[in-house]
Amino acid sequence: MRTHRCGEVRPEDVGRRVRVCGWVSRRREHGEHLAFVDLRDHTGLVQCVVPGTVDVRSEYVLAVEGVVRARPAGTANPDLATGEVEIQECTVEVLSVAEPPPFAVDDRVDADEHLRIRYRFVDLRRPRMQANLRLRAVINAALRAGMERQGFCEVETPLLWAPTPEGAREFVVPSRLQHGTCYVLPQSPQLAKQLLMVGGMDRYYQIARCLRDEDLRADRQFEFTQLDVEASFVGQEDVLRFVSEAVLDAAERATGTRPSEIERLTWAEAMDRFGTDKPDLRFGMELVDLTAVFAGTEVRALAAPCVKGIVVEGGGETTRSRLDQLTDQARQLGGKGLAWFRVLPTGEGGTGLDGPLARFLTEDDVAGLLVATGAAAGDLVLVVADEHLTVCTVLGRLRVLLGGRPVSEGPYRFAWIVDFPLFEGIDGDGNPVAAHHPFTMPHPDDLDRLESDPTSVRSQSYDLVLNGWELGSGSVRIHRADVQSRIFAVLGIGPEEAESRFGFLLGAFRHGAPPHAGFAVGIDRLVAIFAGEESIREVIAFPKTQSGSDPMTGAPKPVAPRVMADLGLREVPAPE
RNA sequence: GGACCUGUGGUGCAGCCUGGAGUGCACGCCGGCCUGUCAAGCCGGAGGUCGCGGGUUCAAAUCCCGUCAGGUCCGCCA
C-alpha cells in the first residue's frame, strides 16, 4: 500500500515514484492550480503538491502517489526532516473522510485533558503521544532484554485470583458458575511469583498488569504495569544487582546515557536527612539536627525530643501570609507548628534573627542555630520540634514543597533505600503493622528482638527511588515456617486466620520452598519520568480520570439485568 | 471522607475581584480570492443553555448556596 513512510522521504529519493499514506495535517491552498498538503504518519510530515481542486480536509486519510522532487530553491523548510523535498505530480486517493477534529492534532496546542481522553484515538496521533508510547515500548524491550540476559524466564500469572484481605482494596469479579463467590484481580502477582519459586522456576520476571481499587493520582491509576521479578537462592544484594542492571539498561536506551551506579541510603538515613523514604536527591536543603542546640532551651515551642530545621536559601523575603500558610501545612502534616526565622544581616542590632520566637532565643541559641544550619543573611530557617519521626516527615514535606522541582526534570537521581523497618506503627488492636507485607524476612541481626522490641526490627526490604518518586519495592521473603509463624504471631494473626488467608501459600511452602527474593518496578512512572511527563496518564494509551471513569468508553457503566441475574447479583440501595 | 484550582461558540484564552445588551483576542470551521506555501495570506460568514440548579438584585458569565465534571493534593495505596 505504501513505499515510504511520510517522515522518511529524503533527498536520496528524488526522482523516485513513491506512495505514502497518512492523515492530512494541514492544507495550504493557492487557487485552483496549486495546494500543499502536509501528510502525517507516526514518522512525521511530508509535503505533497496537489491541484487546488482536490477536496481533502483535516484528518482525511489519504494515499498519495507521486514523484519525489527537490523543492525549488529557497523554499526548503529546515524545520522538517523531509523539508528539502516534496512529492509532486500527485494522484490522491481518499481512503477515509473525517470530521473536523475536536482539538488540534498538534503538540503546540494543549487541549483539555478530559477531551483528549474522550477522543484518545485522535490525541494519540500527536507527536507527543506517539513518542511517549514508543518510548514505553523501547523501555519494555530493554527491561525484557535485561532480564533475559540475566537468566530470567517470563511467566504469565492469572488475572482471576483469590481474595487475600490485606493491603490495597481489590477489584472484585463475581463468579457466574458459583453464585455468591468472587475472584479478585491481583494487586500484584506477589503470591503467584512466590509459588513459581516453590515450583522451581528459579528466576521469574513478567511485565505484569496490577490492579488496585484505590483513589487515583497523577502517579496512580487503577491499572498499572510493573516489571515483576523473583529469584531463588539469592539474597538482597543479588536482587539489587539484577534490577539495577535492567533499569540502567532501560535508562540508557531512553536517554542515551547510562547513569552511574545507583547510590544507596538506609531508610534511617533517608528519613534523617530528607524526611522521607523517597528522597529527591537532585537538590540539597537537607534536614539539619538542632536537638543539641536547643537541648536546654526555655522556649517551650522548641523543647522536644527532636528539633530539626531546613534552610531556604534567599527565603528571607517570604511573606508573612505564606509563612502562616506553611505553618498550617505543618500542622496538617501532624506537627505542632512551625518556627521560622529570617536571618538578618549581622551587626544590625540584636540577634541576627527575625521571627515570632526570635526574641526568646539566647545568644547561644542563635549562634548554635546559625552554625549548625550554615544559614546566611537573607535566608529563611524553618524549625520543627516534636517526636523524631514527626519532625522528619513534616520538614521532608516542606523541603519538597519549597525546593522541589518537576519529577521529570533532569538529572536522573536513582537511589536504593534499604533496611526499612519491618513494622510501621501499631494498629487499633495494638499489633504492629507490616510495613511491606507479612512475608518479608527480618534483618538477621534483629531477629532476636522480634518479640521483645518489634518496631526496632529492620527488614530485608528495599525501595528504588527516582527524583522523589517511588519506582518500586521488594524484599527477601520468608521461606521458613518457624520464622513465618513468629511474624504472624507478632502481627496478631493466629494460625487459623493465617491458614484461611494465605493457606495455599503456606501449604506450598511445606512442600519445599527455596530461599527467594524479589522486586517490582513501576513501569508507568519510569516511562513518565524519561518521557518528561509529570503524570503517568501521558504514557498510558487509554487512561482513566481521577474519579475512575473513562470518558471514551463511558466505563464504568450499568450492566443489563440479564447479566446481573447470570451472576446472581441484585442492585441494592446505597446505605445512608 | 476532606482541602484547593478550573468550567465562557468546535479549540485555547480574556472578561468575574468592582453586577449593567453574549463583549473581545487567537486558532479552527464554512464560502470566496490567490501558482511556492509551510501554524500560508487576504475578504466575507456561521457558530453561545457563560457546566447545571437555586438564591440575592430593577438587572447575574460576574455576588451567595448547592450540585456535576476535570485537575492537584491529604486520607487511602500490605
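In what follows, chains carry the letters A, B, and so on, assigned in the order in which the sequence lines appear, proteins first and then strands, with residues in each chain numbered from 1.
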Check: With centres under 5.5 Å and planes under 30°, do A/Phe36 and B/U37 count as stacked?
Finding: yes
Margin query: Going by purine N1 to pyrimidine N3 plus the second Watson-Crick contact, or the G-U wobble pair, all under 3.5 Å, which nucleotide sits opposite B/U57?
Written below: none
Checklist line | Residues A/Gln47 and A/Thr82: side-chain donor-acceptor under 3.5 angstrom | finding: no
Next item on the list: May I have the distance from A/Arg57 (atom CZ) to B/G28 (atom C1'), rounded to whole angstrom?
Entry: 13 Å
Next item on the list: May I ask which nucleotide in the shown strands pairs with B/A39, Watson-Crick or G-U wobble, both distances under 3.5 Å?
Entry: none
Margin query: Taking the C1' atom in each of B/G9 and B/C5, what is the distance between them to the nearest angstrom?
Written below: 24 Å
Item checked: Nucleotide of B/U11, B/G36, B/G71 approaching A/Thr545 most closely (side-chain heavy atoms) -> B/G71
Notebook entry, point to check: Would you say the side chain of A/Ser188 lies within less than 4.5 Å of the side chain of A/Arg212, judging by non-hydrogen atoms?
Noted result: yes
Check: How would you label the contact of A/Ala104 with the nucleic acid (heavy atoms, under 4.0 Å): base, sugar-phosphate, or nothing?
Finding: nothing
Note to self: Using OP1 and OP2 only, check whether a side-chain N or O of A/Gln187 sits under 4.0 Å from B/C77.
What the structure shows: no
Margin query: Can you measure A/Leu34 atom CG to B/C33 atom P for me and round it to whole angstrom units?
Written below: 15 Å
Margin query: Mind checking if A/Arg501 touches a base, just sugar-phosphate, or nothing, with heavy atoms under 4.0 Å?
Written below: nothing
Item checked: Nearest to side-chain heavy atoms of A/Pro100, which nucleotide of B/C29, B/G71, B/U35 -> B/C29
Next item on the list: Quickly work out the A/Leu80 CG to B/A39 P distance and round it to whole Å.
Entry: 8 Å
Margin query: So for A/Arg212 and B/C76, does any side-chain atom that can act as donor or acceptor lie under 3.5 Å from a complementary atom in the base?
Written below: no
Notebook entry, point to check: Can you tell me the Watson-Crick or wobble partner of B/C4, both distances under 3.5 angstrom?
Noted result: B/G71
Margin query: Say we look at B/G54 and B/C68: how far apart would their C1' atoms be, to the nearest angstrom?
Written below: 14 Å
Next item on the list: Nearest whole angstrom, please: distance from the P of B/C38 to the CD of A/Glu29.
Entry: 14 Å
Check: Just how far is it from atom CG of A/Leu326 to atom CG of A/Leu382, taken to the nearest 0.5 Å?
Finding: 6.5 Å
Item checked: Atom P, compared across B/C42 and B/C27: separation rounded to whole Å -> 9 Å
Next item on the list: Please measure how far the P atom in B/G51 lies from the corresponding atom in B/C58, and state the result in whole Å.
Entry: 25 Å
Check: Given B/G36, B/A39, B/G12, which nucleotide is nearest the side-chain atoms of A/Asp112?
Finding: B/G12
Note to self: Under a plain distance cut-off of 3.5 Å, with no hydrogens placed, do A/Ser96 and A/Glu59 share a side-chain donor-acceptor pair?
What the structure shows: no
Next item on the list: Would you tell me whether A/Asp228 and A/Tyr204 have side-chain atoms, one donor and one acceptor, within less than 3.5 Å of each other?
Entry: yes
Note to self: Can you identify which nucleotide, out of B/C38, B/G36, B/G75, has its nearest atom closest to the A/Asp215 side chain?
What the structure shows: B/G75
Checklist line | Span that lies between the P atom of B/G22 and that of B/G66, in whole angstrom | finding: 27 Å
Checklist line | Residue A/Leu115, side-chain heavy atoms: nucleotide from B/G36, B/U11, B/G71 that is nearest | finding: B/U11
Checklist line | Closest to side chain of A/Gln88, choosing from B/U11, B/G36, B/G70 | finding: B/G36
Notebook entry, point to check: Can you tell me if A/Thr440 and A/Gln460 form a side-chain donor-acceptor pair at under 3.5 Å?
Noted result: no
Check: Relative to the ring of A/Phe121, is the ring of A/Tyr119 parallel (under 30°), tilted (30 to 60°) or perpendicular (over 60°)?
Finding: perpendicular
Next item on the list: Give A/Glu86 one of three labels, base, sugar-phosphate or nothing, depending on what nucleic acid heavy atoms sit under 4.0 Å from its own.
Entry: base
Next item on the list: Provide the distance between the two C1' atoms, one in B/U8 and one in B/A14, to the nearest whole Å.
Entry: 10 Å
Next item on the list: Please determine if A/Arg477 forms a cation-pi arrangement with A/Phe509, meaning its NZ or CZ atom is less than 6.0 Å from the six-membered ring centre and no more than 45° off the ring axis.
Entry: no
Note to self: Any strand counts, and the cut-off is 3.5 Å on both contacts for Watson-Crick or G-U wobble. Which nucleotide pairs with B/A26?
What the structure shows: B/U11
Check: How is A/Ala35 classified with respect to the nucleic acid when contacts are heavy atoms under 4.0 Å: base, sugar-phosphate, or nothing?
Finding: nothing
Notebook entry, point to check: Atom CZ of A/Arg27 and atom C1' of B/A40: how far apart are they, to the nearest Å?
Noted result: 13 Å
Check: Picking from B/U11, B/G70, B/U72, which would you name as closest to the side chain of A/Phe103?
Finding: B/U11
Note to self: Any base atoms under 4.0 Å from A/Asp110, or only sugar-phosphate, or nothing? Heavy atoms, all strands.
What the structure shows: sugar-phosphate
Check: Please give, in whole Å, the distance from B/C74 C1' to A/Leu333 CG?
Finding: 8 Å
Next item on the list: Answer with base, sugar-phosphate or nothing: what part of the nucleic acid does A/Pro72 contact at a heavy-atom distance below 4.0 Å?
Entry: base
Check: Using atom P of each nucleotide, how far apart are B/G44 and B/G24 to the nearest Å?
Finding: 15 Å
Next item on the list: Establish, with yes or no, whether the OP1 or OP2 oxygen of B/A40 is under 4.0 angstrom from a side-chain nitrogen or oxygen of A/Arg26.
Entry: yes
Next item on the list: Give a yes/no on whether any side-chain N or O of A/Ser58 is located under 4.0 angstrom from OP1 or OP2 of B/G28.
Entry: no
Note to self: Check this one for me: any side-chain N or O of A/Arg217 less than 4.0 Å away from OP1 or OP2 of B/C74?
What the structure shows: yes
Notebook entry, point to check: Out of B/G71, B/U37, B/G75, which has the shortest distance to the side chain of A/Arg537?
Noted result: B/G71
Margin query: I want to confirm an ordering. Mapping A/Arg397 and A/Ala111 to their closest nucleotides on RNA chain B, which one lands closer to the 5' end?
Written below: A/Ala111
Note to self: At 4.0 Å (heavy atoms only), tell me whether A/Ser547 reaches a base, stays on the sugar-phosphate, or touches nothing.
What the structure shows: sugar-phosphate
Next item on the list: Give A/Ala73 one of three labels, base, sugar-phosphate or nothing, depending on what nucleic acid heavy atoms sit under 4.0 Å from its own.
Entry: nothing
Notebook entry, point to check: How long is the line joining CZ of A/Arg126 and P of B/G12, in whole Å?
Noted result: 11 Å
Notebook entry, point to check: In whole angstrom, what separates A/Glu32's CD from B/C34's P?
Noted result: 7 Å
Notebook entry, point to check: At under 4.0 Å between heavy atoms, what does A/Gln47 touch on the DNA or RNA strands: base, sugar-phosphate, or nothing?
Noted result: base
Item checked: Ring centers of A/Trp416, A/Phe519 separated by less than 6.0 Å -> yes
Checklist line | Nearest-nucleotide pick for A/Arg71, side chain only, options being B/U11, B/G36, B/U72 | finding: B/G36
Notebook entry, point to check: Do A/Arg28 and B/U35 have a side chain to base donor-acceptor pair shorter than 3.5 Å?
Noted result: no
Check: Taking the nucleotide of RNA chain B with the closest heavy atom to each, which residue, A/Lys544 or A/Val433, is nearer the 5' end?
Finding: A/Lys544
Next item on the list: Measure up the A/Phe502 and A/Phe488 rings against each other and bin them: parallel (under 30°), tilted (30 to 60°), perpendicular (over 60°).
Entry: parallel
Notebook entry, point to check: For atom C1', what is the distance between B/C43 and B/C34, given to the nearest Å?
Noted result: 11 Å
Check: Hey, is A/His30 doing a stacking thing with B/U35, by the 5.5 Å centroid and 30° angle criteria?
Finding: no
